[in-house]
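Throughout, protein chains are lettered first and strands after them, A, B, ... in sequence-line order, and every chain is numbered starting at 1.
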There are 2 protein chains.
Amino acid sequence: MITLKDLAATLGVSVSTVSKALKDSPEISKDTIARVKEIAKELNYRPNTLALSLKNRKTKTIGVIIPDILNVFFARILYGIEQESTALGYNIITCLSNESFEKENNSLHLLANGSVDGFIMSIAEETQSNGEVKHLKETINQDVPIVMFDRVANDVECDKVIIDDFNAAFKGTEVLIKEGRKKIVLINSLGGLSVGKLRVLGYKKALEQHDSYTGEALVINIDSNEALLNDQLEKIITEHPDMDGLLCIDNVSGIMSVNIAQRLGRKIPKDLSVLGFSSDEISHLSYPQLSTVTQHAEEIGQQSVRMLVERLENKTKGHTTTATVDFTIELRGTTLPN
Amino acid sequence: MITLKDLAATLGVSVSTVSKALKDSPEISKDTIARVKEIAKELNYRPNTLALSLKNRKTKTIGVIIPDILNVFFARILYGIEQESTALGYNIITCLSNESFEKENNSLHLLANGSVDGFIMSIAEETQSNGEVKHLKETINQDVPIVMFDRVANDVECDKVIIDDFNAAFKGTEVLIKEGRKKIVLINSLGGLSVGKLRVLGYKKALEQHDSYTGEALVINIDSNEALLNDQLEKIITEHPDMDGLLCIDNVSGIMSVNIAQRLGRKIPKDLSVLGFSSDEISHLSYPQLSTVTQHAEEIGQQSVRMLVERLENKTKGHTTTATVDFTIELRGTTLPN
DNA sequence: AGCAAGATCTTTAAGCGTGATCATATTTTA
DNA sequence: TAAAATATGATCACGCTTAAAGATCTTGCT
């Protein structure tokens, strides 16, 4: 690695002269500046980011903690985070909590010592169901800000980026109601997560509020293990022959349900209307293509970065914000054309 | 942030005493060690990684460059990388090249200045098709080692982790041949990538070598844009009514083909046997579940980390290795049971 | 012309947080 | 009481920035 010292030595000047020359300081003569720059280029000098970070007490690096990178939703959020950070001149250190509290906790401690300027994270399932928040509060108290997205801890005071899950499910359910469906079922594989709970509430509220819907509300909880998903869904579809509307609130069960229902002889969307929750790319995997409540995952990521950087660079103390990112409902082939 | 200085001040001893005490130096009295440790714990002291990195000239951080995080294959590799790095005490800085040469190049330059000890990467499509290697060679020459996985640059001398793509396609094709299929088609959406080319070669070789196969080889190149995939596949399946074996060499077109073919009235696997290339989780999305040539993505990631760390810690100079990670063929529902 | 006061350019020194080496001070032992 | 053991402190270096000091050359004024 080439350092300022090396440049100084080859030119026979002092380190500080080189340093100043490289940033066009008016203190340094045009001539010297030119000479320094030339040799710097020739030797392919790059300032050592570590040294700069140490000096400036900031790293221009964001710690990102993702619960599950194999979930397209999170992968896409990471994509958004990466894009926006790069645009704003930040790097990201990515940690995968793998839904484990311990890993999440470790990552936080490992990086909250000057390695990153702040965190962007969605909390692990385990953390959420156990209601663990100490590690989060501690980090914030040490002046390392956190922005939480999607899965947030309500009793931690920090910036947040969420979807209006209640409303998303509400509007989604309305789509099915307005089609005149008589038995609309919600399949829930999100277990103890707050987002799942909110979606169930939105679904129930919509059914209640529309007099045109005369059926019952039926929420079926299933195991989220993907290997078991096919069998569970097949069982549900078989056991509910009169089901004509289906709301799947996770990424993949909508796709699977469409494929299974068709194999079992249901016409989609005629006999059964299916609405999933996910982003575009996965909806292509079924035929007809899955209609979805689309969460703008990329936007969630970008927004999170913007909020964190705002806080870092303007030193916004106190006063936290919660941003809600819009959802859209995209009707493709598994619901009736309107 | 709490520093050694802070601890020293509160205890009324010197910084070096604190530093030594924290690492149980025999130079320091039991008594002082205890006192230092107690207050360190109380104030929640964590050594500043940045300062350590600067001092030790190594960061214990790996730069990871991924072409496309929305591709499950890469997401899963990242998963493996993260697991193994954490296990070996390394952090990862993740950059997404998004298949662009420029982003790849930038990331490399941005981090190859002491920010990371080495890189693990798969080169961007653009980089590969243009045959750009200067940035890679430069990095290696600056003594920052690179491990490439999956998509590798043949004329760059570095450690590599690959799949035996030729053989994977060869064996996969053999499965279909042994079923007695008469018209086996390969659908290629991987365009200019080396892996795609190797798979096509393996397929052709298998067809040639088996006298029992009397049909032709037919490679159909398609656009990889997922939004267009459905239509393209439907067209292919419609136009080739006599096709009875299908090899899809990317992640998703196998799934789509199965769903489309069934909708068009083909019985799977009776009329048409389909074999995809992907990892487990995505194969669940079709019914019957897709039979696949499974690439052990996680293992590829882990192996890459092991090779890099080996080089970093043992200062293995010169002498590069290429590791081949096994593939397995997993017959699920879209091929005949054997 | 003579010389203080600027103007211009360069170097010195300190500090970011650590750890290693070397030096110093205090106590114990032979 | 000198030598050895014990405990602590001072200093430097990692690569960089920056305030302050130093050195050299111009300028302006009597």
Side-chain angles (χ1 to χ4, degrees), chain A residues 1-37 39-40 43-61 109-117 142-144, chain B residues 1-37 39-40 43-61 109-117 142-144:
Chain A
M1 225 190 54
I2 303 292
T3 70
L4 288 185
K5 210 182 191 176
D6 299 329
L7 297 186
T10 45
L11 283 166
V13 296
S14 80
V15 171
S16 55
T17 303
V18 177
S19 171
K20 286 174 183 168
L22 287 174
K23 26 182 69 66
D24 286 309
S25 162
E27 291 179 70
I28 305 295
S29 67
K30 304 288 169 216
D31 179 59
T32 316
I33 290 186
R35 270 172 45 227
V36 169
K37 284 194 172 174
I39 199 111
L43 296 186
N44 200 16
Y45 167 78
R46 314 236 162 231
N48 183 319
T49 319
L50 245 43
L52 284 178
S53 299
L54 185 59
K55 182 104 189 72
N56 301 334
R57 321 294 233 58
K58 64 183 171 188
T59 62
K60 286 277 196 169
T61 302
H109 279 131
L110 207 64
L111 299 180
N113 62 352
S115 297
V116 301
D117 294 343
Q142 280 169 38
D143 259 333
V144 183
Chain B
M1 225 191 55
I2 303 294
T3 69
L4 289 183
K5 208 182 191 178
D6 298 330
L7 298 185
T10 45
L11 282 166
V13 296
S14 78
V15 172
S16 47
T17 303
V18 177
S19 171
K20 286 174 187 164
L22 286 175
K23 24 182 69 66
D24 286 308
S25 162
E27 290 178 70
I28 305 296
S29 68
K30 304 284 169 222
D31 179 58
T32 316
I33 290 186
R35 272 173 43 231
V36 168
K37 284 194 172 176
I39 199 111
L43 297 185
N44 200 15
Y45 167 76
R46 314 236 163 232
N48 183 318
T49 319
L50 244 41
L52 285 177
S53 298
L54 184 59
K55 186 134 204 359
N56 301 332
R57 325 293 231 60
K58 62 182 173 188
T59 62
K60 286 272 193 176
T61 303
H109 279 131
L110 208 65
L111 299 180
N113 61 353
S115 298
V116 300
D117 294 343
Q142 280 169 38
D143 258 333
V144 183

message: Looking at the base of C:dT11, is there any donor atom on it, or on the side chain of A:Lys20, that sits under 3.5 Å from an acceptor on the other one?
response: yes
- request: Describe the nucleic acid contact of B:Thr32 in one word from base, sugar-phosphate, nothing, applying a heavy-atom distance below 4.0 Å.
  value: sugar-phosphate
Between C1' of D:dC14 and CG of A:Asp6, the distance in whole Å: 13 Å
message: Assess the residue pair B:Met1 and A:Gln142 against the criterion (side chain to side chain contact (heavy atoms under 4.5 Å, CB included)); give the C-alpha distance rounded to whole Å, side-chain angles, the decisive distance to 0.1 Å, and a yes or no.
response: CA-CA 7 Å; B:Met1 225 191 55; A:Gln142 280 169 38; over 6 Å; no
query: At under 4.0 Å between heavy atoms, what does B:Lys5 touch on the DNA or RNA strands: base, sugar-phosphate, or nothing?
result: sugar-phosphate
task: Apply the test side chain to side chain contact (heavy atoms under 4.5 Å, CB included) to residues B:Leu43 and B:Leu7: give CA-CA distance (whole Å), side-chain angles for both, the deciding distance (0.1 Å), then the verdict.
output: CA-CA 8 Å; B:Leu43 297 185; B:Leu7 298 185; 3.8 Å; yes
message: Quick check: closest heavy atoms across A:Thr49 and B:Ser115, and the distance to 0.1 Å?
response: OG1-OG, 3.2 Å
message: Reading DNA chain C from 5' onward, which residue's closest nucleotide shows up sooner: A:Arg57 or A:Arg35?
response: A:Arg35
task: Take atom CG of B:Asn113 and atom P of D:dG15, then tell me their distance rounded to the nearest Å.
output: 12 Å
task: Report the residue (B:Glu27 or B:Leu54) whose heavy-atom-nearest nucleotide on DNA chain C is the more 5′ of the two.
output: B:Leu54
query: After noting the C-alpha distance and the side-chain angles of A:Lys60 and A:Leu52, does the key distance pass the side chain to side chain contact (heavy atoms under 4.5 Å, CB included) rule?
result: CA-CA 10 Å; A:Lys60 286 277 196 169; A:Leu52 284 178; over 6 Å; no
message: Distance check needed: D:dG9 C1' versus B:Ile28 CD1, whole Å only.
response: 9 Å
- prompt: What's the CG-P distance between A:Leu52 and D:dT17, to the nearest Å?
  reply: 5 Å
Rounded distance (Å) that lies between atom C1' of C:dG15 and atom NZ of B:Lys55: 15 Å
task: With DNA chain D as reference, determine whether A:Asn56 or B:Ala51 sits nearer its 5' end, using the nearest nucleotide of each.
output: B:Ala51
Between D:dC16 (P) and A:Ile2 (CD1): distance, integer Å: 10 Å
task: Please name the residue in the list A:Val144, A:Leu111, A:Thr59 that meets the side-chain contact (heavy atoms from CB on, under 4.5 Å) test with A:Asp117.
output: A:Thr59
- request: Would you mind telling me which of D:dG15, D:dG9, C:dG17 lies closest to the side-chain atoms of B:Thr17?
  value: D:dG9
query: 5'-most contact on DNA chain D: A:Pro47 or B:Ser29, nearest heavy atom basis?
result: B:Ser29
query: Which part of the nucleic acid, if any, lies within reach of B:Ser16 when heavy atoms closer than 4.0 Å are counted: base, sugar-phosphate only, or nothing?
result: base
query: Rounding to a whole Å, what distance do you find between B:Leu7:CG and D:dG9:P?
result: 14 Å
field: Rounded distance (Å) that lies between atom C1' of C:dT18 and atom NZ of B:Lys23
entry: 8 Å
task: Looking at every strand, decide which applies to B:Ser19 at a 4.0 Å heavy-atom threshold: base, sugar-phosphate, or nothing.
output: base
